[in-house]
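A short write-up of the structure that comes next.
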Amino acid sequence: MSLNIFMRINSLQSGQSTRIRSLQLKLFLNDLTNLMVIMLLFLLTSCSEINTTNTKEIYKYWAGKNPPSDIKLLQGHYWESGHWSGEYIMYLKFKSTDKWWNTFIKKNHLLIDKTNWIMPTDAPSWFKPSANLDRYNNDDDFDQGSRYFRDPLTQVCYVYEIQL
């Protein structure tokens, strides 16, 4: 359709009769209106944010699949921007097996975090990993503050992940 619009612009500029130019102008404006409606619909439908506390939905947004049987979801909060950039902030509390956690650590190249990490001020009231938990991060240049916590005794995990 957009190529058609540019062809019509060029033909409007050539020396044709007033009647033909008027008809071409109407067709051009019709195509332009249709294009603007399509763009507006795209913008309106692609700009709806996600904001949920449903732990199963949160896990699926995070991992791209349903939680496995060796995880018990406890609490969560997930926000994703409505923009195309995919910005999100996630808080998730769950219980996992040692096998699942160790696989997760290896697969995501997480290391013990020794930095002075400060909990975000917008953390939910239930997100309270104690200082005694093992704390991990992804040691790369793009780290925006995501942290992964686990109590080896209770197997309770806290995940804070951010991508802005």
Side-chain angles (χ1 to χ4, degrees), residues 1-6 31-164:
M1 180 182 341
S2 60
L3 181 60
N4 202 6
I5 290 173
F6 293 117
D31 282 350
L32 190 59
T33 302
N34 290 340
L35 183 61
M36 289 174 61
V37 167
I38 290 170
M39 289 174 62
L40 183 63
L41 285 173
F42 175 76
L43 288 173
L44 291 176
T45 58
S46 66
C47 291
S48 58
E49 73 176 20
I50 299 168
N51 198 351
T52 185
T53 56
N54 180 310
T55 55
K56 191 171 180 181
E57 285 179 12
I58 293 168
Y59 188 90
K60 197 165 185 177
Y61 287 130
W62 178 51
K65 57 186 175 183
N66 287 322
S69 60
D70 49 356
I71 285 190
K72 180 183 178 191
L73 299 172
L74 302 173
Q75 290 183 296
H77 185 262
Y78 183 90
W79 169 85
E80 184 176 316
S81 162
H83 303 284
W84 57 269
S85 57
E87 301 167 327
Y88 71 92
I89 298 173
M90 182 196 68
Y91 295 92
L92 190 59
K93 181 180 178 182
F94 58 91
K95 211 170 186 181
S96 75
T97 62
D98 290 337
K99 181 181 177 186
W100 184 93
W101 182 256
N102 292 332
T103 302
F104 174 75
I105 294 299
K106 286 177 189 167
K107 190 182 273 188
N108 292 285
H109 311 287
L110 299 179
L111 305 169
I112 294 286
D113 180 26
K114 301 281 187 193
T115 65
N116 185 21
W117 184 75
I118 299 171
M119 183 159 351
T121 57
D122 65 345
S125 60
W126 54 262
F127 193 87
K128 297 200 184 295
S130 75
N132 300 330
L133 301 184
D134 294 337
R135 186 176 71 215
Y136 299 83
N137 73 333
N138 189 336
D139 191 26
D140 65 14
D141 294 335
F142 193 66
D143 178 37
Q144 294 184 324
S146 297
R147 292 296 182 272
Y148 310 87
F149 304 84
R150 184 159 194 262
D151 184 331
L153 298 176
T154 64
Q155 300 179 325
V156 172
C157 307
Y158 291 86
V159 174
Y160 167 68
E161 205 165 273
I162 182 168
Q163 177 181 312
L164 299 177

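Please read all numbers here as calculations on a predicted model, not as lab measurements.
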Residues that Arg147 engages under salt bridge (Lys or Arg N to Asp or Glu O under 4.0 Å), provided they are two or more places apart = Asp113, Asp143
What pairs with Asn51 under side chain to side chain donor-acceptor pair (under 3.5 Å), at least two apart in sequence or on another chain?
-> His77
Got a sec, which residues hit ring pair (Phe, Tyr, Trp, His ring centres under 6.0 Å) with Phe127, two or more places apart in sequence or on another chain?
-> Tyr91, Tyr158
To the nearest 0.5 Å, atom NZ of Lys72 lies from atom OG1 of Thr55 at 10.5 Å
What are the two closest non-hydrogen atoms of Pro68 and Tyr59, and how far apart are they?
-> CD-OH, 3.4 Å
Distance in Å, Arg135 CZ paired with Tyr160 OH, rounded so as to fall on 0.5 Å steps = 13.5 Å
Can you name the side chain to side chain contact (heavy atoms under 4.5 Å, CB included) partners of Asn132, sequence neighbours left out?
-> Ser130
Any residue meeting side chain to side chain donor-acceptor pair (under 3.5 Å) with Glu80, in chain and number order, not counting sequence neighbours = Tyr78
Could you pull out the closest heavy-atom pair between Pro67 and Leu73, with the gap in Å?
-> CG-CD1, 3.7 Å
Could you grab the distance from atom NE2 of His83 to atom CD of Glu49, nearest 0.5 Å is fine?
-> 8.5 Å
Say you draw a straight line from CG of Leu111 to CD1 of Ile105; how long is it, rounded to the nearest 0.5 Å?
-> 9.0 Å
Aromatic ring proximity, centroids under 6.0 angstrom, Tyr136 and Trp101 = yes
Side chain Gln144, main chain Leu164, donor-acceptor under 3.5 Å | yes
Can you pull the salt bridge (charged side-chain N to carboxylate O under 4.0 Å, His left out) pairs that have at least one residue in residues 86-102, sequence neighbours excluded?
-> Asp98-Arg150
How about Tyr148 and Phe104: are their ring centroids closer than 6.0 Å?
-> yes
Under the side chain to side chain contact (heavy atoms under 4.5 Å, CB included) rule, what do Ile89 and Asp122 come out as? Steps first, then yes or no, please.
-> CA-CA 10 Å; Ile89 298 173; Asp122 65 345; 4.3 Å; yes
Could you state the interatomic distance from CG (Asp134) to CD1 (Ile112), rounded to the nearest 0.5 Å?
-> 5.0 Å
Contact summary for Asn138 and Asn108, nearest pair of heavy atoms | ND2-O, 3.7 Å
Can you name the side chain to side chain contact (heavy atoms under 4.5 Å, CB included) partners of Ser125, sequence neighbours left out?
-> none
Parallel, tilted or perpendicular for Trp100 and Phe94, by the 30°/60° rule?
-> perpendicular
Determine the minimum heavy-atom distance between Ile162 and Ser146, stating which atoms define it.
-> N-OG, 2.9 Å
Could you tell me which residues satisfy side chain to side chain donor-acceptor pair (under 3.5 Å) with Glu57, sequence neighbours excluded, listed by chain and number?
-> Thr52
Closest approach of Ser96 and Ile71, non-hydrogen atoms and distance?
-> CB-CG1, 4.2 Å
Could I get the full list of side chain to side chain donor-acceptor pair (under 3.5 Å) partners for Trp62, not counting sequence neighbours?
-> Glu161
